[in-house]
Amino acid sequence: MKRLTKNEVETLVRLAMKDSLRDAVMIAMQFFHGMRSSEVCELRVADIDLRTSSVIVRRLKGSLTTTQALHVHKGKPHLDEVKLLRRWQAEKPAGEYLFPTQKASAMNPRSWWRLFNGYAVAAGIESRLAKPHSLKHAAGTYLLRNGADLATVRQHLGHKSYQSTFRYLGVDDAQASATAQTIFARM
């Protein structure tokens, strides 16, 4: 199953950064916290605590509400949520929503889809992945492929059921072959 790669996510953040700090922060946060579009659009300023470097993610669709650490990346400032959020909060319009519209209301997820799709097209990302929900799938897949166990990914993505998390377990032939070669080489 094809998912956005970490390089594609980074490209999306960089492209958005040229156009809109708000959009870059939204992409980074949606990926790092495995949020749905409506969840990132509904984030409130009060959900962010820069003193403790944490965010409250209020999940929808009956999923778990979680408190997660903000991602700090010393080598790549465009992926450092704390730095990005400090910059964004210094320039964002007043209001209760973290990513407000010009009228200070929550951004509509359809509007976010259109913005994200523009960045994805500019990045050359294939059309079936050119939607913000691809960031949630990319987060789950990236965590599992890089050593996180299923329970951790389930909690991080806010799933109540492991059934929802199993969809991120898919691997392609190249990954299965490489893993099998590594394990069999230890025989």
Side-chain angles (χ1 to χ4, degrees), residues 3-4 6 9-10 12-13 16-17 20-74 76-113 115-116 131-144 146-165 167-168:
R3 303 277 193 220
L4 289 173
K6 70 180 181 81
V9 171
E10 282 192 62
L12 288 165
V13 173
M17 189 79 74
S20 165
L21 178 59
R22 179 199 65 190
D23 297 352
V25 178
M26 288 180 76
I27 291 169
M29 290 195 77
Q30 193 169 354
F31 172 71
F32 287 129
H33 303 287
M35 288 189 254
R36 293 177 181 92
S37 295
S38 50
E39 294 163 351
V40 77
C41 289
E42 290 283 332
L43 274 175
R44 289 173 163 71
V45 173
D47 294 331
I48 303 295
D49 187 340
L50 291 175
R51 288 179 292 108
T52 62
S53 296
S54 63
V55 59
I56 297 170
V57 181
R58 299 178 200 289
R59 305 286 181 179
L60 302 174
K61 293 189 171 184
S63 297
L64 304 171
T65 293
T66 58
T67 300
Q68 300 180 1
L70 293 170
H71 185 73
V72 176
H73 199 304
K74 295 189 188 303
K76 294 182 179 178
H78 64 282
L79 296 179
D80 189 314
E81 280 185 295
V82 173
K83 286 182 181 173
L84 289 171
L85 282 163
R86 283 187 204 284
R87 283 182 53 205
W88 172 239
Q89 286 190 340
E91 69 178 61
K92 82 171 223 35
E96 71 175 302
Y97 291 101
L98 188 61
F99 305 113
T101 63
Q102 291 177 338
K103 295 180 180 178
S105 61
M107 183 185 294
N108 182 306
R110 288 182 190 170
S111 298
W112 175 230
W113 187 94
L115 288 167
F116 181 88
K131 53 188 179 259
H133 197 74
S134 293
L135 294 165
K136 182 177 180 81
H137 292 290
T141 302
Y142 185 78
L143 288 168
L144 283 168
N146 287 279
D149 58 75
L150 198 59
T152 299
V153 175
R154 182 191 67 78
Q155 180 68 27
H156 188 74
L157 297 179
H159 295 154
K160 282 188 177 177
S161 162
Y162 280 100
Q163 281 303 114
S164 299
T165 313
R167 74 182 74 168
Y168 302 102

- line: Residues Thr141 and Arg3: closest non-hydrogen pair is OG1-NE, 2.9 Å
- request: Can you sort out the partners of Ser37 under side-chain contact (heavy atoms from CB on, under 4.5 Å), two or more places apart, ordered by chain and number?
  value: Gln30, Pro109, Trp112, Pro132
message: The criterion is side chain to side chain donor-acceptor pair (under 3.5 Å); which residues satisfy it with Thr65, sequence neighbours excluded?
response: none
- prompt: In Å and rounded to the nearest 0.5 Å, what is the NZ to CD distance from Lys6 to Glu10?
  reply: 6.0 Å
CG on Leu143 to NE2 on His156, rounded to 0.5 Å: 5.5 Å
- line: Output for pair (Met107 CE, Asp23 CG), nearest 0.5 Å, gives 6.0 Å
message: Within the 4.5 Å heavy-atom criterion, are Leu135 and Phe116 side-chain neighbours or not?
response: yes
message: Tell me every residue that passes salt bridge (charged side-chain N to carboxylate O under 4.0 Å, His left out) with Lys74, counting only those two or more places apart in sequence or in another chain.
response: none
message: So His33 and Thr66, do their side chains get closer than 4.5 Å, heavy atoms only?
response: no
- request: Not counting sequence neighbours, which residues clear ring-ring contact (aromatic ring centres under 6.0 Å, His included) with Phe32? List them please.
  value: His71
message: Any side-chain to backbone donor/acceptor pair from Lys92 onto Tyr97? Under 3.5 Å, distance only.
response: yes
query: Can you check whether Ser134 reaches Lys131 side chain to side chain, under 4.5 Å on heavy atoms?
result: yes
field: Set of residues satisfying salt bridge (charged side-chain N to carboxylate O under 4.0 Å, His left out) with respect to Arg86, sequence neighbours excluded
entry: none
message: With rounding to the nearest 0.5 angstrom, report the CH2 to CD distance, Trp88 to Glu81.
response: 15.0 Å
- line: Between Arg22 and Leu115 the two heavy atoms that sit nearest each other are NH2-CD1, 3.4 Å
task: Using side-chain contact (heavy atoms from CB on, under 4.5 Å) as the criterion, list what pairs up with Ile48, not counting sequence neighbours.
output: Met29, Leu50, Val55, Leu70, Leu85, Gln89, Leu98
message: I'd like to check the side-chain contact (heavy atoms from CB on, under 4.5 Å) partners of Ala46; sequence neighbours left out, ordered by chain and number.
response: none
- request: Indicate the atoms forming the closest heavy-atom contact of Asn108 with Arg110, along with that distance.
  value: OD1-N, 2.6 Å
field: For Glu42, all residues meeting salt bridge (charged side-chain N to carboxylate O under 4.0 Å, His left out), sequence neighbours excluded
entry: Arg44
- line: Contacts of Gln102 meeting side-chain contact (heavy atoms from CB on, under 4.5 Å) (sequence neighbours excluded), chain-then-number -> none
Under the side chain to side chain donor-acceptor pair (under 3.5 Å) test, residues paired with Asp149 that sit two or more places apart: Thr152
- prompt: Mind checking what makes salt bridge (charged side-chain N to carboxylate O under 4.0 Å, His left out) contact with Arg59, not counting sequence neighbours?
  reply: Glu39
field: Exercise: identify the closest heavy-atom pair between Ala28 and Leu84
entry: CB-CD1, 4.2 Å
message: Applying side-chain hydrogen bond (donor to acceptor under 3.5 Å, both in side chains) as the test, list every pair that has at least one member in residues 46-57; sequence neighbours left out.
response: Asp47-Arg58, Asp49-Thr52, Thr52-Ser54
- line: Smallest heavy-atom separation, Leu157 atom then Lys136 atom, equals O-NZ, 3.2 Å
task: Determine the minimum heavy-atom distance between Leu60 and Ser38, stating which atoms define it.
output: CD1-OG, 3.0 Å
